[in-house]
Protein chains: 2
Amino acid sequence: MSLCQLSYFVAVAEEAHLSRAALRLNISQPPLTRQIRNLEEELGMQLFERTPLGMRLLPPGAKLLAEAKSILSQVKNIPQLLRASPAPGLALDADNL
Amino acid sequence: MSLCQLSYFVAVAEEAHLSRAALRLNISQPPLTRQIRNLEEELGMQLFERTPLGMRLLPPGAKLLAEAKSILSQVKNIPQLLRASPAPGLALDADNL
DNA sequence: TCAAATTACGGTCGACGTAAGGATC
DNA sequence: GATCCTTACGTCGACCGTAATTTGA
């Protein structure tokens, strides 16, 4: 599992369309197909239902969508977090191991 | 930024030692050095202070450590989360395969 | 001298893109 | 026939490991 895979998954889930998601991600469909499939295999469950009209999110996929967006948002905010307050004034000891 | 990098960072931060972290991760030091450096360059700030005795976590690194552990934990729990309750708020048949 | 991190270099694995192939309306 | 998604195949970049270098107690 990688952050890239999660980004891909979010795009496909939100677009409900593999080709549209590929456009949004600036990649082509084949890698996207493969990554989604890899993710499904790694999790051992189907995340989408393939229909002639596109990709429909299944219940496990819906849960993953929320989780993936949360994780990606957290990762995206890391730079701001680190720049925020390097030394909060309090004794921030790193002795928690 | 990748989850792999975050795992590497956590190991180095907790061990305060690049070689010990490498052992824990079952890799060798050079890739670890490079990944930590890549992470620092990507974030545009130094996370560790290099000393002859090892790697000492700087304040930004300490904040990243907490965040990285949180993210990795969230990712690690994804499988259980997806298996927990397939349809939150929806009453569907569970035998959809 | 010893231990720690870093740099150099070659090999391997994974991801992408183009092209071709079913399936459904 | 058109539009999806998928499979096949070749190429390129990233990561890892071994070996050699550098720095400091």
Side-chain angles (χ1 to χ4, degrees), chain A residues 1-58 60-62 64-65 68 71-72 75 78 94 97, chain B residues 1-58 60-62 64-65 68 71-72 75 78 96-97:
Chain A
M1 171 129 36
S2 71
L3 294 173
C4 186
Q5 273 178 324
L6 291 181
S7 300
Y8 287 4
F9 167 77
V10 168
V12 174
E14 289 185 346
E15 300 288 347
H17 235 63
L18 214 145
S19 20
R20 208 180 294 274
L23 283 175
R24 171 170 149 186
L25 293 165
N26 290 313
I27 64 172
S28 55
Q29 295 92 337
L32 199 46
T33 294
R34 199 144 186 98
Q35 290 306 316
I36 296 295
R37 193 163 269 290
N38 286 351
L39 189 57
E40 287 178 328
E41 287 181 4
E42 183 177 343
L43 292 171
M45 59 182 67
Q46 214 163 348
L47 301 169
F48 293 99
E49 181 188 356
R50 274 74 168 175
T51 79
L53 306 132
M55 312 279 279
R56 189 160 63 186
L57 209 57
L58 294 174
L64 180 59
L65 176 58
I71 291 167
L72 291 172
V75 170
I78 284 180
L97 36 126
Chain B
M1 172 131 31
S2 73
L3 294 172
C4 187
Q5 273 179 325
L6 291 181
S7 300
Y8 286 3
F9 167 76
V10 169
V12 174
E14 288 185 347
E15 299 289 347
H17 234 61
L18 214 145
S19 21
R20 209 181 295 273
L23 282 175
R24 170 169 150 186
L25 293 165
N26 290 314
I27 64 173
S28 55
Q29 296 93 336
L32 198 47
T33 294
R34 198 143 188 98
Q35 290 304 317
I36 296 296
R37 192 163 270 290
N38 287 350
L39 189 58
E40 287 179 327
E41 287 181 3
E42 183 177 343
L43 291 171
M45 61 181 68
Q46 213 164 349
L47 302 169
F48 292 98
E49 181 189 355
R50 274 74 169 174
T51 79
L53 305 133
M55 312 278 281
R56 189 160 61 187
L57 210 57
L58 294 174
L64 180 59
L65 176 57
I71 291 168
L72 291 172
V75 170
I78 284 180
N96 47 0
L97 272 186

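First the proteins, then the strands, lettered A, B, ... as listed; each starts at 1.
Put simply, CD on A/Q5 is 11 Å from C1' on C/dG14, counting in whole angstrom units. Following rounding to the nearest Å, B/L18 (CG) and D/dT22 (P) show an atom-to-atom distance of 19 Å. Spacing between atom CZ of B/R20 and atom P of C/dA3 amounts to 13 Å, rounded to whole angstrom units. The nearest whole Å value for the distance from the CD1 atom in A/I36 to the P atom in D/dT7 is 14 Å. Rounded to whole angstrom, the span from the CD atom of B/Q29 across to the C1' atom of D/dT21 amounts to 14 Å. Atom P of nucleotide C/dA15 and atom CG of A/N38 are separated by 7 Å, given to the nearest angstrom. Nucleotide D/dC5 holds its C1' atom 13 Å from the CD atom of A/Q46, rounded to whole Å. Rounding to whole angstrom units, CD1 of residue A/I27 and P of D/dG13 are separated by 17 Å.
Looking at the side chain of B/H17, the nearest of the listed nucleotides D/dC5, D/dT18, C/dA4 is C/dA4. Between C/dG17, C/dT6, D/dG17, one nucleotide has an atom nearer to the side chain of B/S28 than all others, and that is D/dG17. If you check C/dA4, D/dT6, D/dC16 against the side chain of B/Y8, the one that comes closest is D/dC16. Nearest to the side chain of B/P31, among C/dT7, D/dT7, D/dC16, sits D/dC16.
Summarising the local packing, CZ of B/R50 is surrounded by more than 12 heavy atoms from other residues, nucleotides or ligands at distances under 6.0 Å.
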Inset, instruction - Would you please test B/L43 and A/I78 for side-chain contact (heavy atoms from CB on, under 4.5 Å) and show each step? - result: CA-CA 9 Å; B/L43 291 171; A/I78 284 180; 4.0 Å; yes
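Taken to the nearest 0.5 Å, the CD atom of B/E42 stands 6.0 Å off from the CD atom of B/Q5. Taking CE of B/M1 as the start and CD1 of B/I71 as the end, the distance is 7.5 Å to the nearest 0.5 Å. In this structure, CG on B/L57 lies 5.0 Å from CZ on B/F48, to the nearest 0.5 angstrom.
Taking side-chain N and O atoms only, A/Q35 has no distance below 4.0 Å to OP1 or OP2 of C/dG14. A/S19 has a side-chain polar atom (N or O) that falls below the 4.0 Å cut-off from OP1 or OP2 of D/dC5. Proximity of A/R50 to the phosphate of D/dT6: a side-chain N or O atom is located under 4.0 Å from OP1 or OP2.
Residue-level contact check: B/F48 touches neither bases nor backbone, having no heavy atom under 4.0 Å from any strand.
Taking the nucleotide of DNA chain D with the nearest heavy atom to each of A/R34 and A/P52, the more 5' of the two is matched to A/P52.
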